[in-house]
Amino acid sequence: MRNTVLVLGTQWGDEGKGKIIDFLAEKSDIVVRYNGGNNAGHTVKVGEDIFKLHIMPSGCVQGKKCIIGNGLVIDPDILIGEIDSLKKTGRNPDLMISGKAHVILEHHKIFDAGREREAGKGKIGTTGRGIGPAYSDKAKRTEALRVHDLVGENFREKINNILELKKHDLVRFGVINSESELDDYKEKIAEKYSRYADVLRPYAGNVPKAVNTAIESGKNVLFEGAQGTLLDVDHGTYPYVTSSNSTAGGVCTGTGVGPDKIGNIIGVVKAYTTRVGEGPFPTELTGETGSMLREAGAEFGTTTGRPRRCGWLDIVIVNYAKMINGLKEIALTKLDVLSGLKKLKICTGYEIDGKETVDFPVYLDVLTRAKPVYEEMEGWENLTKEQIIEICRNGFTSLPEQARRYVKRIEELTGLPATIVSLGPERSATIIR
Ligand code: IMP
(Lines give C-alpha, C1' and ligand atoms only; values in the text may rest on other atoms or scores of the structure.)
Protein backbone atom coordinates (compact mmCIF):
# COMPACT_ATOMS: atom_id res chain seq x y z
CA MET A 1 0.00 0.00 0.00
CA ARG A 2 1.59 3.22 -1.12
CA ASN A 3 -0.84 5.44 0.68
CA THR A 4 -0.06 4.35 4.24
CA VAL A 5 2.85 5.22 6.48
CA LEU A 6 3.66 3.98 9.95
CA VAL A 7 5.81 6.10 12.26
CA LEU A 8 7.06 4.49 15.44
CA GLY A 9 9.79 4.79 18.05
CA THR A 10 12.92 2.66 17.82
CA GLN A 11 14.26 3.24 21.35
CA TRP A 12 12.59 3.66 24.75
CA GLY A 13 10.11 6.29 23.61
CA ASP A 14 10.58 10.07 23.57
CA GLU A 15 12.36 9.93 20.21
CA GLY A 16 10.55 13.03 18.96
CA LYS A 17 7.79 11.17 17.14
CA GLY A 18 5.28 13.99 17.71
CA LYS A 19 7.20 16.41 15.52
CA ILE A 20 7.76 13.85 12.74
CA ILE A 21 4.11 12.83 12.77
CA ASP A 22 2.99 16.45 12.72
CA PHE A 23 5.34 17.04 9.81
CA LEU A 24 4.07 14.04 7.83
CA ALA A 25 0.47 14.72 8.79
CA GLU A 26 0.46 17.63 6.39
CA LYS A 27 0.35 15.17 3.48
CA SER A 28 -2.03 12.75 5.22
CA ASP A 29 -5.80 12.65 5.26
CA ILE A 30 -6.10 10.60 8.43
CA VAL A 31 -3.86 10.01 11.45
CA VAL A 32 -4.49 6.85 13.45
CA ARG A 33 -3.09 5.97 16.88
CA TYR A 34 -2.91 2.29 17.72
CA ASN A 35 -1.48 1.76 21.20
CA GLY A 36 -0.91 3.12 24.70
CA GLY A 37 -2.76 5.81 26.53
CA ASN A 38 -1.94 9.06 28.22
CA ASN A 39 1.38 7.64 29.37
CA ALA A 40 2.57 9.03 26.04
CA GLY A 41 3.48 12.64 25.61
CA HIS A 42 3.88 14.12 22.16
CA THR A 43 5.04 17.71 21.87
CA VAL A 44 4.15 19.57 18.71
CA LYS A 45 5.39 23.13 18.14
CA VAL A 46 3.61 25.32 15.60
CA GLY A 47 4.91 28.87 15.54
CA GLU A 48 4.76 30.06 19.13
CA ASP A 49 2.09 27.51 20.05
CA ILE A 50 3.22 24.37 21.85
CA PHE A 51 0.79 21.44 22.02
CA LYS A 52 1.46 18.72 24.56
CA LEU A 53 -0.71 15.80 23.52
CA HIS A 54 -1.10 12.61 25.49
CA ILE A 55 -3.95 10.78 23.85
CA MET A 56 -5.10 12.69 20.77
CA PRO A 57 -3.24 11.67 17.59
CA SER A 58 -0.66 14.34 16.77
CA GLY A 59 -2.37 15.03 13.42
CA CYS A 60 -5.13 16.91 15.26
CA VAL A 61 -2.94 20.02 15.31
CA GLN A 62 -3.09 20.06 11.48
CA GLY A 63 -6.87 19.61 11.60
CA LYS A 64 -6.67 16.12 10.07
CA LYS A 65 -9.19 13.38 10.74
CA CYS A 66 -7.92 11.57 13.82
CA ILE A 67 -8.69 8.03 14.84
CA ILE A 68 -8.08 6.33 18.17
CA GLY A 69 -7.86 2.58 17.69
CA ASN A 70 -8.95 -0.30 19.89
CA GLY A 71 -5.36 -0.83 21.02
CA LEU A 72 -5.56 2.16 23.32
CA VAL A 73 -6.66 2.65 26.88
CA ILE A 74 -8.41 5.99 27.28
CA ASP A 75 -8.66 8.22 30.30
CA PRO A 76 -11.83 10.16 29.35
CA ASP A 77 -10.92 13.08 31.57
CA ILE A 78 -7.63 13.61 29.72
CA LEU A 79 -9.12 13.05 26.28
CA ILE A 80 -11.94 15.53 26.91
CA GLY A 81 -9.39 18.03 28.25
CA GLU A 82 -7.38 17.74 25.02
CA ILE A 83 -10.48 18.10 22.85
CA ASP A 84 -11.40 21.23 24.82
CA SER A 85 -7.96 22.80 24.55
CA LEU A 86 -7.88 22.17 20.80
CA LYS A 87 -11.28 23.83 20.52
CA LYS A 88 -9.89 26.84 22.41
CA THR A 89 -7.29 27.30 19.65
CA GLY A 90 -10.02 27.19 16.99
CA ARG A 91 -9.44 23.54 16.08
CA ASN A 92 -12.58 21.41 16.23
CA PRO A 93 -11.23 17.85 16.19
CA ASP A 94 -12.57 15.50 13.55
CA LEU A 95 -12.26 12.46 15.77
CA MET A 96 -13.35 8.83 15.80
CA ILE A 97 -12.77 6.59 18.82
CA SER A 98 -13.00 2.83 18.56
CA GLY A 99 -15.86 1.38 20.57
CA LYS A 100 -13.45 -1.46 21.34
CA ALA A 101 -10.86 0.79 23.00
CA HIS A 102 -10.70 0.35 26.77
CA VAL A 103 -11.50 2.94 29.41
CA ILE A 104 -9.13 3.84 32.23
CA LEU A 105 -11.21 4.04 35.36
CA GLU A 106 -10.47 6.06 38.49
CA HIS A 107 -9.27 3.01 40.42
CA HIS A 108 -6.78 1.98 37.69
CA LYS A 109 -4.73 5.08 38.45
CA ILE A 110 -4.80 4.46 42.20
CA PHE A 111 -3.93 0.77 41.77
CA ASP A 112 -1.02 1.71 39.46
CA ALA A 113 0.51 3.99 42.11
CA GLY A 114 -0.29 1.52 44.91
CA ARG A 115 1.34 -1.42 43.13
CA GLU A 116 4.47 0.60 42.46
CA ARG A 117 4.61 1.57 46.15
CA GLU A 118 4.19 -2.04 47.22
CA ALA A 119 6.85 -3.22 44.74
CA GLY A 120 9.45 -1.02 46.45
CA LYS A 121 12.80 -1.61 44.76
CA GLY A 122 11.15 -3.89 42.22
CA LYS A 123 9.00 -1.06 40.85
CA ILE A 124 8.78 -0.45 37.10
CA GLY A 125 8.77 3.31 37.30
CA THR A 126 5.42 3.64 35.54
CA THR A 127 3.88 6.97 34.62
CA GLY A 128 1.18 6.32 37.22
CA ARG A 129 -1.60 6.87 34.70
CA GLY A 130 -3.35 3.53 35.27
CA ILE A 131 -2.04 2.00 32.05
CA GLY A 132 -0.92 -1.40 33.41
CA PRO A 133 -4.07 -2.01 35.49
CA ALA A 134 -6.34 -1.04 32.56
CA TYR A 135 -4.57 -3.41 30.14
CA SER A 136 -4.53 -6.14 32.82
CA ASP A 137 -8.29 -5.86 33.10
CA LYS A 138 -8.61 -5.97 29.32
CA ALA A 139 -6.76 -9.29 29.29
CA LYS A 140 -8.74 -10.50 32.31
CA ARG A 141 -11.97 -9.71 30.43
CA THR A 142 -14.44 -9.68 33.33
CA GLU A 143 -13.56 -6.35 34.94
CA ALA A 144 -13.00 -4.08 31.97
CA LEU A 145 -15.04 -1.30 30.41
CA ARG A 146 -14.84 -0.54 26.69
CA VAL A 147 -15.84 2.73 25.07
CA HIS A 148 -18.89 0.95 23.64
CA ASP A 149 -19.93 0.05 27.19
CA LEU A 150 -19.24 3.55 28.44
CA VAL A 151 -21.50 5.20 25.87
CA GLY A 152 -24.06 2.40 25.79
CA GLU A 153 -27.37 1.84 27.52
CA ASN A 154 -26.09 -0.70 30.04
CA PHE A 155 -23.31 1.48 31.37
CA ARG A 156 -24.60 1.68 34.97
CA GLU A 157 -25.06 -2.06 35.26
CA LYS A 158 -21.58 -2.65 33.80
CA ILE A 159 -19.80 -0.22 36.08
CA ASN A 160 -21.62 -1.51 39.15
CA ASN A 161 -20.57 -5.08 38.33
CA ILE A 162 -16.97 -4.05 37.79
CA LEU A 163 -16.76 -2.13 41.06
CA GLU A 164 -18.41 -5.02 42.90
CA LEU A 165 -15.67 -7.34 41.61
CA LYS A 166 -13.01 -4.79 42.56
CA LYS A 167 -14.25 -4.16 46.09
CA HIS A 168 -11.38 -5.90 47.91
CA ASP A 169 -8.74 -3.99 45.96
CA LEU A 170 -10.69 -0.74 46.37
CA VAL A 171 -10.33 -1.16 50.14
CA ARG A 172 -6.77 -2.50 49.95
CA PHE A 173 -5.53 0.53 48.01
CA GLY A 174 -7.57 2.99 50.10
CA VAL A 175 -10.00 4.08 47.37
CA ILE A 176 -12.76 3.42 49.92
CA ASN A 177 -12.23 2.87 53.65
CA SER A 178 -14.50 -0.16 53.89
CA GLU A 179 -16.95 -2.12 51.79
CA SER A 180 -19.79 -0.22 53.44
CA GLU A 181 -18.76 2.77 51.32
CA LEU A 182 -19.03 0.80 48.07
CA ASP A 183 -22.55 1.87 47.11
CA ASP A 184 -21.73 5.56 47.47
CA TYR A 185 -18.56 5.06 45.47
CA LYS A 186 -20.45 3.26 42.68
CA GLU A 187 -22.86 6.17 42.50
CA LYS A 188 -20.08 8.74 42.39
CA ILE A 189 -18.20 6.92 39.60
CA ALA A 190 -21.35 6.24 37.60
CA GLU A 191 -22.23 9.95 37.73
CA LYS A 192 -18.75 11.07 36.75
CA TYR A 193 -18.32 8.61 33.87
CA SER A 194 -21.88 9.24 32.59
CA ARG A 195 -20.86 12.85 32.09
CA TYR A 196 -17.79 11.70 30.16
CA ALA A 197 -19.97 9.37 28.11
CA ASP A 198 -22.23 12.25 27.06
CA VAL A 199 -19.23 14.11 25.65
CA LEU A 200 -17.59 11.13 23.96
CA ARG A 201 -20.69 9.39 22.51
CA PRO A 202 -20.66 11.28 19.20
CA TYR A 203 -17.08 10.21 18.57
CA ALA A 204 -17.50 6.44 19.08
CA GLY A 205 -17.37 4.49 15.83
CA ASN A 206 -16.37 1.48 13.78
CA VAL A 207 -12.64 2.04 13.37
CA PRO A 208 -11.65 -1.05 11.31
CA LYS A 209 -14.33 -0.19 8.78
CA ALA A 210 -13.36 3.49 8.66
CA VAL A 211 -9.62 2.86 8.31
CA ASN A 212 -9.90 0.05 5.74
CA THR A 213 -12.39 2.01 3.65
CA ALA A 214 -10.15 5.06 3.74
CA ILE A 215 -7.11 3.05 2.65
CA GLU A 216 -9.00 1.35 -0.15
CA SER A 217 -10.35 4.62 -1.45
CA GLY A 218 -6.78 5.95 -1.78
CA LYS A 219 -6.72 8.28 1.22
CA ASN A 220 -3.32 8.88 2.80
CA VAL A 221 -3.29 7.24 6.20
CA LEU A 222 -0.61 7.80 8.81
CA PHE A 223 -0.34 5.33 11.69
CA GLU A 224 1.15 6.84 14.82
CA GLY A 225 2.95 4.73 17.40
CA ALA A 226 3.30 5.75 21.02
CA GLN A 227 6.25 4.79 23.25
CA GLY A 228 9.06 2.85 21.53
CA THR A 229 10.21 -0.60 20.47
CA LEU A 230 11.97 -1.35 23.76
CA LEU A 231 8.83 -0.48 25.72
CA ASP A 232 6.73 -3.04 23.79
CA VAL A 233 5.15 -5.54 26.18
CA ASP A 234 6.40 -8.49 24.10
CA HIS A 235 9.58 -7.32 22.40
CA GLY A 236 10.82 -4.71 24.85
CA THR A 237 12.98 -4.90 27.95
CA TYR A 238 10.33 -6.80 29.90
CA PRO A 239 9.25 -6.24 32.65
CA TYR A 240 10.47 -2.65 32.33
CA VAL A 241 8.03 -1.97 29.52
CA THR A 242 4.59 -0.55 29.03
CA SER A 243 1.58 -2.84 28.68
CA SER A 244 0.83 -2.48 24.98
CA ASN A 245 2.36 -3.40 21.62
CA SER A 246 4.17 -0.30 20.47
CA THR A 247 5.89 -2.19 17.63
CA ALA A 248 4.62 -2.51 14.05
CA GLY A 249 2.46 -5.55 14.82
CA GLY A 250 0.43 -3.36 17.16
CA VAL A 251 -1.00 -1.51 14.17
CA CYS A 252 -2.87 -4.60 12.97
CA THR A 253 -4.21 -5.64 16.35
CA GLY A 254 -4.71 -2.09 17.57
CA THR A 255 -6.73 -0.76 14.64
CA GLY A 256 -8.06 -3.74 12.69
CA VAL A 257 -6.09 -3.58 9.44
CA GLY A 258 -4.23 -6.43 7.80
CA PRO A 259 -0.40 -6.43 7.55
CA ASP A 260 -0.66 -5.98 3.78
CA LYS A 261 -2.11 -2.53 4.44
CA ILE A 262 1.02 -1.15 6.04
CA GLY A 263 3.17 0.58 3.44
CA ASN A 264 6.22 2.54 4.45
CA ILE A 265 7.54 2.01 7.98
CA ILE A 266 9.60 4.86 9.41
CA GLY A 267 11.55 4.35 12.61
CA VAL A 268 12.19 7.50 14.60
CA VAL A 269 15.72 7.44 16.00
CA LYS A 270 16.92 10.09 18.41
CA ALA A 271 20.58 11.00 17.73
CA TYR A 272 21.36 9.75 21.25
CA THR A 273 19.43 7.48 23.62
CA THR A 274 17.14 8.23 26.56
CA ARG A 275 15.01 6.22 28.91
CA VAL A 276 12.59 7.06 31.74
CA GLY A 277 11.85 4.72 34.60
CA GLU A 278 13.79 1.69 35.74
CA GLY A 279 15.69 -1.00 33.81
CA PRO A 280 19.09 -1.58 32.16
CA PHE A 281 20.49 0.97 29.72
CA PRO A 282 23.91 -0.07 28.32
CA THR A 283 25.01 3.32 26.91
CA GLU A 284 23.76 5.41 29.84
CA LEU A 285 25.96 8.40 30.74
CA THR A 286 25.68 9.24 34.41
CA GLY A 287 28.30 12.04 34.41
CA GLU A 288 28.67 15.46 32.89
CA THR A 289 27.95 14.49 29.26
CA GLY A 290 24.68 12.84 30.34
CA SER A 291 23.64 16.04 32.17
CA MET A 292 24.63 18.14 29.18
CA LEU A 293 22.43 16.02 26.88
CA ARG A 294 19.54 16.25 29.36
CA GLU A 295 19.76 20.04 29.55
CA ALA A 296 20.44 20.65 25.85
CA GLY A 297 17.77 18.19 24.76
CA ALA A 298 15.22 19.26 27.43
CA GLU A 299 15.02 15.63 28.41
CA PHE A 300 12.30 15.86 31.03
CA GLY A 301 9.13 13.77 30.69
CA THR A 302 6.22 15.42 28.86
CA THR A 303 3.83 13.37 30.98
CA THR A 304 5.48 13.22 34.41
CA GLY A 305 8.25 15.84 34.26
CA ARG A 306 10.77 13.19 35.38
CA PRO A 307 14.37 13.74 34.23
CA ARG A 308 15.22 11.23 31.50
CA ARG A 309 18.34 9.10 31.70
CA CYS A 310 20.60 9.96 28.75
CA GLY A 311 23.32 8.09 26.85
CA TRP A 312 25.08 7.62 23.51
CA LEU A 313 23.30 6.36 20.43
CA ASP A 314 23.01 2.58 20.52
CA ILE A 315 22.97 0.99 17.07
CA VAL A 316 22.36 -2.48 18.53
CA ILE A 317 18.97 -1.18 19.64
CA VAL A 318 18.21 0.53 16.32
CA ASN A 319 19.05 -2.62 14.37
CA TYR A 320 16.86 -4.66 16.71
CA ALA A 321 14.04 -2.18 16.03
CA LYS A 322 14.72 -2.55 12.31
CA MET A 323 14.22 -6.30 12.56
CA ILE A 324 11.17 -6.29 14.84
CA ASN A 325 9.33 -3.60 12.89
CA GLY A 326 10.55 -4.14 9.34
CA LEU A 327 11.81 -0.56 9.15
CA LYS A 328 12.40 0.91 5.74
CA GLU A 329 13.58 4.39 6.66
CA ILE A 330 14.87 6.38 9.58
CA ALA A 331 13.80 9.80 10.80
CA LEU A 332 16.77 11.05 12.79
CA THR A 333 15.79 13.57 15.46
CA LYS A 334 17.52 16.01 17.81
CA LEU A 335 20.79 16.01 15.92
CA ASP A 336 21.24 19.64 17.01
CA VAL A 337 21.49 18.52 20.67
CA LEU A 338 24.87 16.92 19.95
CA SER A 339 26.32 20.20 18.61
CA GLY A 340 29.25 21.53 20.60
CA LEU A 341 30.52 18.13 21.78
CA LYS A 342 34.18 17.59 20.85
CA LYS A 343 33.85 13.81 20.50
CA LEU A 344 30.82 11.57 20.02
CA LYS A 345 30.39 7.88 20.57
CA ILE A 346 28.18 5.38 18.78
CA CYS A 347 27.62 1.97 20.31
CA THR A 348 28.10 -0.62 17.56
CA GLY A 349 27.97 -3.81 19.64
CA TYR A 350 27.98 -5.25 23.14
CA GLU A 351 30.50 -7.27 25.04
CA ILE A 352 28.68 -9.86 27.08
CA ASP A 353 30.61 -12.33 29.26
CA GLY A 354 33.79 -11.66 27.26
CA LYS A 355 32.15 -12.14 23.84
CA GLU A 356 31.24 -9.45 21.35
CA THR A 357 27.82 -9.41 19.73
CA VAL A 358 25.74 -7.11 17.54
CA ASP A 359 22.52 -8.83 18.57
CA PHE A 360 20.27 -7.21 21.15
CA PRO A 361 19.94 -9.62 24.10
CA VAL A 362 16.42 -10.89 24.39
CA TYR A 363 16.46 -11.37 28.16
CA LEU A 364 16.97 -8.76 30.82
CA ASP A 365 19.56 -10.63 32.90
CA VAL A 366 21.80 -10.81 29.82
CA LEU A 367 21.19 -7.19 28.85
CA THR A 368 22.21 -6.15 32.37
CA ARG A 369 25.67 -7.64 31.71
CA ALA A 370 26.08 -5.96 28.30
CA LYS A 371 28.99 -3.52 28.04
CA PRO A 372 28.86 -1.17 25.05
CA VAL A 373 31.51 -1.34 22.34
CA TYR A 374 32.02 2.17 21.03
CA GLU A 375 33.21 3.82 17.89
CA GLU A 376 34.39 7.41 18.39
CA MET A 377 33.59 10.24 16.00
CA GLU A 378 34.50 13.91 15.75
CA GLY A 379 31.91 16.38 16.97
CA TRP A 380 30.95 19.69 15.38
CA GLU A 381 30.60 23.26 16.58
CA ASN A 382 27.55 24.74 18.27
CA LEU A 383 24.85 25.79 15.84
CA THR A 384 22.72 28.87 16.42
CA LYS A 385 19.00 28.88 15.59
CA GLU A 386 19.69 31.08 12.59
CA GLN A 387 22.37 28.68 11.31
CA ILE A 388 19.97 25.73 11.71
CA ILE A 389 17.23 27.46 9.74
CA GLU A 390 19.77 28.31 7.03
CA ILE A 391 21.06 24.71 6.94
CA CYS A 392 17.55 23.33 6.64
CA ARG A 393 16.75 25.75 3.87
CA ASN A 394 19.86 24.71 1.92
CA GLY A 395 19.65 20.97 2.58
CA PHE A 396 21.80 18.16 3.91
CA THR A 397 25.04 19.21 2.22
CA SER A 398 25.13 22.42 4.22
CA LEU A 399 25.35 20.55 7.56
CA PRO A 400 28.81 20.67 9.15
CA GLU A 401 30.92 17.88 7.66
CA GLN A 402 31.24 15.98 10.96
CA ALA A 403 27.46 16.01 11.40
CA ARG A 404 27.01 14.63 7.89
CA ARG A 405 29.54 11.90 8.71
CA TYR A 406 27.59 11.03 11.85
CA VAL A 407 24.35 10.66 9.86
CA LYS A 408 26.06 8.65 7.12
CA ARG A 409 27.68 6.35 9.68
CA ILE A 410 24.23 5.65 11.15
CA GLU A 411 23.00 4.81 7.65
CA GLU A 412 25.94 2.47 7.07
CA LEU A 413 25.54 0.71 10.40
CA THR A 414 21.80 0.21 9.97
CA GLY A 415 21.54 -0.18 6.22
CA LEU A 416 18.64 2.30 6.32
CA PRO A 417 18.35 5.72 4.70
CA ALA A 418 17.88 8.65 7.07
CA THR A 419 15.28 10.38 4.92
CA ILE A 420 14.33 12.96 7.54
CA VAL A 421 16.86 14.73 9.74
CA SER A 422 15.46 16.96 12.45
CA LEU A 423 17.46 19.76 14.07
CA GLY A 424 14.90 21.24 16.44
CA PRO A 425 11.24 21.19 17.43
CA GLU A 426 10.08 23.65 14.76
CA ARG A 427 8.77 22.41 11.43
CA SER A 428 11.34 24.66 9.73
CA ALA A 429 14.19 22.80 11.51
CA THR A 430 13.84 19.74 9.27
CA ILE A 431 15.90 18.38 6.39
CA ILE A 432 14.12 16.09 3.94
CA ARG A 433 16.47 13.97 1.84
P1 IMP B 1 3.44 2.76 32.04
O2 IMP B 1 3.27 2.75 30.57
O3 IMP B 1 2.92 4.01 32.70
O4 IMP B 1 2.93 1.52 32.70
O5 IMP B 1 5.03 2.78 32.35
C6 IMP B 1 5.86 1.68 32.05
C7 IMP B 1 7.23 2.15 31.59
O8 IMP B 1 7.11 2.74 30.31
C9 IMP B 1 7.90 3.19 32.48
O10 IMP B 1 9.29 2.99 32.47
C11 IMP B 1 7.56 4.50 31.79
O12 IMP B 1 8.48 5.52 32.10
C13 IMP B 1 7.65 4.07 30.35
N14 IMP B 1 6.84 4.88 29.45
C15 IMP B 1 5.52 4.80 29.22
N16 IMP B 1 5.14 5.68 28.30
C17 IMP B 1 6.25 6.31 27.89
C18 IMP B 1 6.51 7.31 26.90
O19 IMP B 1 5.62 7.79 26.19
N20 IMP B 1 7.80 7.70 26.78
C21 IMP B 1 8.81 7.16 27.52
N22 IMP B 1 8.61 6.23 28.45
C23 IMP B 1 7.35 5.80 28.63
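In listed order, ligands and their atoms are each counted from 1. Basis for what follows: all heavy atoms, side chains included, without hydrogens, waters or symmetry-related copies.
Interface atoms of ligand 1 facing Trp12, defined by a heavy-atom separation under 4.0 Å, are 21 (C), 22 (N). Close approach of ligand 1 to Gly277 is summarised as follows: ligand atoms under 4.0 Å from at least one heavy atom of the residue are 10 (O). Residue contact check: Arg306 has heavy atoms under 4.0 Å from atoms 11 (C), 12 (O) of ligand 1.
Within the 4.5 Å cutoff, the side chain of Leu24 has heavy atoms near those of the Ile420 side chain. A 4.5 Å side-chain heavy-atom check between His102 and Asp137 finds every atom pair outside the cut-off. Between His235 and Tyr320 there is a side-chain heavy-atom pair separated by less than 4.5 Å. Contact check for Lys17 versus Glu224: no side-chain heavy atoms found under the 4.5 Å cut-off.
By the 6.0 Å contact criterion, NZ on Lys100 is open, its count of non-hydrogen atoms from other residues, nucleotides or ligands being 12 or less.
Neither the backbone nor the side chain of Tyr240 has a heavy atom within less than 4.0 Å of ligand 1.
Atom 3 (O) of ligand 1 has its closest protein heavy atom at Thr127 OG1, 2.6 Å. The protein non-hydrogen atom at the shortest distance from atom 10 (O) of ligand 1 is Val276 O, 3.2 Å. Residue, atom and distance of the protein heavy atom nearest to atom 2 (O) of ligand 1 are Thr242 OG1, 2.6 Å. Looking at atom 20 (N) of ligand 1, its nearest protein heavy atom turns out to be Asp14 OD1, 3.1 Å. Atom 23 (C) of ligand 1 has Leu231 CD1, 3.5 Å as its closest protein atom, hydrogens excluded (heavy atom only).
Under the 4.0 angstrom criterion for non-hydrogen atoms, Gly125 is in contact with ligand 1. Under the 4.0 angstrom criterion for non-hydrogen atoms, Gln227 is in contact with ligand 1. The shell of residues lying under 4.0 angstrom from ligand 1, judged by heavy atoms, includes Val241.
Between Glu375 and Arg409, at least one side-chain N (NZ, or NE/NH1/NH2) sits under 4.0 Å from a carboxylate O, which counts as a salt bridge. In summary, Arg172 and Asp169 engage in a salt bridge, as defined by a charged side-chain N under 4.0 Å from a carboxylate O.
When each of Glu181, Glu164, Glu179 is tested with Lys186 by the rule salt bridge (charged side-chain N to carboxylate O under 4.0 Å, His left out), just one qualifies, namely Glu164.
Of the candidates Thr237, Asn38, Thr126, Asn39, it is Thr126 that places a heavy atom closest to atom 4 (O) of ligand 1.
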Below 3.5 Å, can you tabulate the donor-acceptor pairs from side chains in residues 424-433 to any protein atom, sequence neighbours excluded?
from: Glu426; atom 1: OE2; to: Lys45; atom 2: NZ; distance (Å): 3.2
from: Arg427; atom 1: NE; to: Asp22; atom 2: OD2; distance (Å): 2.6
from: Arg427; atom 1: NH2; to: Asp22; atom 2: OD1; distance (Å): 3.0
from: Arg427; atom 1: NH2; to: Asp22; atom 2: OD2; distance (Å): 3.2
from: Thr430; atom 1: OG1; to: Lys19; atom 2: NZ; distance (Å): 2.8
from: Thr430; atom 1: OG1; to: Arg427; atom 2: O; distance (Å): 2.7
from: Arg433; atom 1: NH1; to: Glu411; atom 2: OE2; distance (Å): 2.9
from: Arg433; atom 1: NH1; to: Ala418; atom 2: O; distance (Å): 2.9

